[in-house]
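First comes the structure, then the notes that go with it.
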Amino acid sequence: DQQVKQNSPSLSVQEGRISILNCDYTNSMFDYFLWYKKYPAEGPTFLISISSIKDKNEDGRFTVFLNKSAKHLSLHIVPSQPGDSAVYFCAASANQFYFGTGTSLTVIP
Amino acid sequence: DAMVIQNPRYQVTQFGKPVTLSCSQTLNHNVMYWYQQKSSQAPKLLFHYYDKDFNNEADTPDNFQSRRPNTSFCFLDIRSPGLGDAAMYLCATSRDPAGTGGSYEQYFGPGTRLTVT
């Protein structure tokens, strides 16, 4: 049973606009959430994280929002750049990491 | 640069022929993980080592074994690969979770893509 879900397999955004990637989870025991970015032929690289005691964490152009009541996580990228084109995985942790299936973001120049 | 290295990047093996994938790290992390990722699916944890303590996921097939001879190296052995074992195998490391208050990330290698013919 998939405990972390990314329902949008792909997303296309114009350069300079906001990219919003979404993630839903089912396990209320998750206490730490992460976003990873993956380029082709490379392993996932850590992007940004958030603890369950917070509802927002910002790092430059990247902001992660956590809505615990809705069990929903989102990643905002503003402004989007062509180099942001990659697959984005969300992950949640409760003793071990559970990953979503990924969303492929394409930023169109 | 500190990193996680996986060799080979691409591996082709025959049905039923044992194969070993390797992972090494220069991060000096306590924990090492092996994930299996099939196309359009989420990475699935197979097992992990906390130092030398081996932790097997309940649904990891017996066909998969692992060895960690020292802190830096970890191996994934597939004893009799089947066609369904064709996948990307990702190795990852992390610091000791107990020292981070539960807030820690994993560092991944580039993966080994296994093809079974």
Side-chain angles (χ1 to χ4, degrees), chain A residues 1-11 21-27 29-54 57 59 62 64 66 73 75 86-104, chain B residues 1-10 21 23-25 27 29 31-50 53-60 87-98 100-113:
Chain A
D1 185 30
Q2 191 74 15
Q3 297 191 49
V4 178
K5 297 179 183 178
Q6 293 176 258
N7 292 318
S8 298
S10 63
L11 174 68
L21 296 99
N22 294 302
C23 180
D24 297 295
Y25 62 95
T26 57
N27 189 343
M29 298 301 292
F30 289 143
D31 56 6
Y32 190 56
F33 303 87
L34 309 92
W35 284 95
Y36 286 84
K37 178 178 179 179
K38 184 182 183 305
Y39 291 119
E42 296 182 13
T45 56
F46 170 72
L47 188 59
I48 192 169
S49 63
I50 188 168
S51 166
S52 61
I53 62 173
K54 296 186 176 181
N57 187 29
D59 182 3
F62 302 91
V64 56
L66 176 62
L73 186 71
L75 174 68
V87 177
Y88 290 79
F89 290 94
C90 70
S93 172
N95 296 320
Q96 67 159 286
F97 289 97
Y98 296 84
F99 285 83
T101 52
T103 296
S104 177
Chain B
D1 285 343
M3 55 199 307
V4 181
I5 302 161
Q6 289 189 246
N7 286 305
R9 295 291 306 275
Y10 300 90
L21 310 181
C23 177
S24 63
Q25 55 133 338
L27 296 159
H29 283 168
V31 193
M32 293 188 78
Y33 310 78
W34 279 105
Y35 287 86
Q36 179 192 64
Q37 186 182 19
K38 296 185 177 180
S39 181
S40 302
Q41 295 184 20
K44 178 180 179 297
L45 183 65
L46 295 173
F47 21 61
H48 71 279
Y49 277 91
Y50 188 107
D53 291 335
F54 176 70
N55 297 273
N56 197 33
E57 294 307 300
D59 57 354
T60 298
M88 174 71 80
Y89 289 88
L90 294 164
C91 173
T93 73
S94 75
R95 292 175 289 159
D96 182 346
T100 66
S103 300
Y104 62 103
E105 63 267 18
Q106 295 175 319
Y107 295 78
F108 284 86
T112 295
R113 181 163 296 285

note = Under 4.5 Å to a heavy atom of chain B? For A:Gln2 that would be side chain

Proximal component of A:Glu42, with respect to chain B [non-hydrogen, under 4.5 Å] = backbone

inquiry  = Quick check: A:Phe97 with B:Tyr35 (ring centres under 6.0 Å apart)?
reply    = no

query = Within a radius of less than 6.0 Å around NZ of A:Lys5, do more than 12 heavy atoms belonging to other residues, nucleotides or ligands occur?
reply = no

inquiry  = Rounded at 0.5 Å granularity, tell me how far CD in B:Gln37 sits from OG1 in A:Thr101.
reply    = 9.5 Å

Under 4.5 Å from any heavy atom of chain A - which part of B:Arg113 = neither

key: Nearest atoms (heavy-atom pairs only) where A:Phe46 meets B:Gln106   = CB-O, 4.5 Å

remark   = All heavy atoms of B:Phe108 vs all of A:Pro44, minimum pair found to be CB-O, 3.3 Å

task = Under the salt bridge (Lys or Arg N to Asp or Glu O under 4.0 Å) rule, collect the residues that match up with A:Lys38, sequence neighbours excluded.
result = none

Residues that A:Asp59 engages under salt bridge (Lys or Arg N to Asp or Glu O under 4.0 Å), provided they are two or more places apart = none

ask   = In terms of heavy-atom pairs under 4.5 Å, which option from B:Gly111, B:Pro43, B:Cys91, B:Ser40 contacts chain A the most?
value = B:Pro43

ask   = Any donor and acceptor pair, going by atom type alone, linking the side chain of A:Tyr98 with main-chain N or O of B:Ala42 inside 3.5 Å?
value = no

task = Could you walk me through whether B:Glu105 and A:Tyr36 pass side-chain contact (heavy atoms from CB on, under 4.5 Å), step by step?
result = CA-CA 9 Å; B:Glu105 63 267 18; A:Tyr36 286 84; 3.8 Å; yes

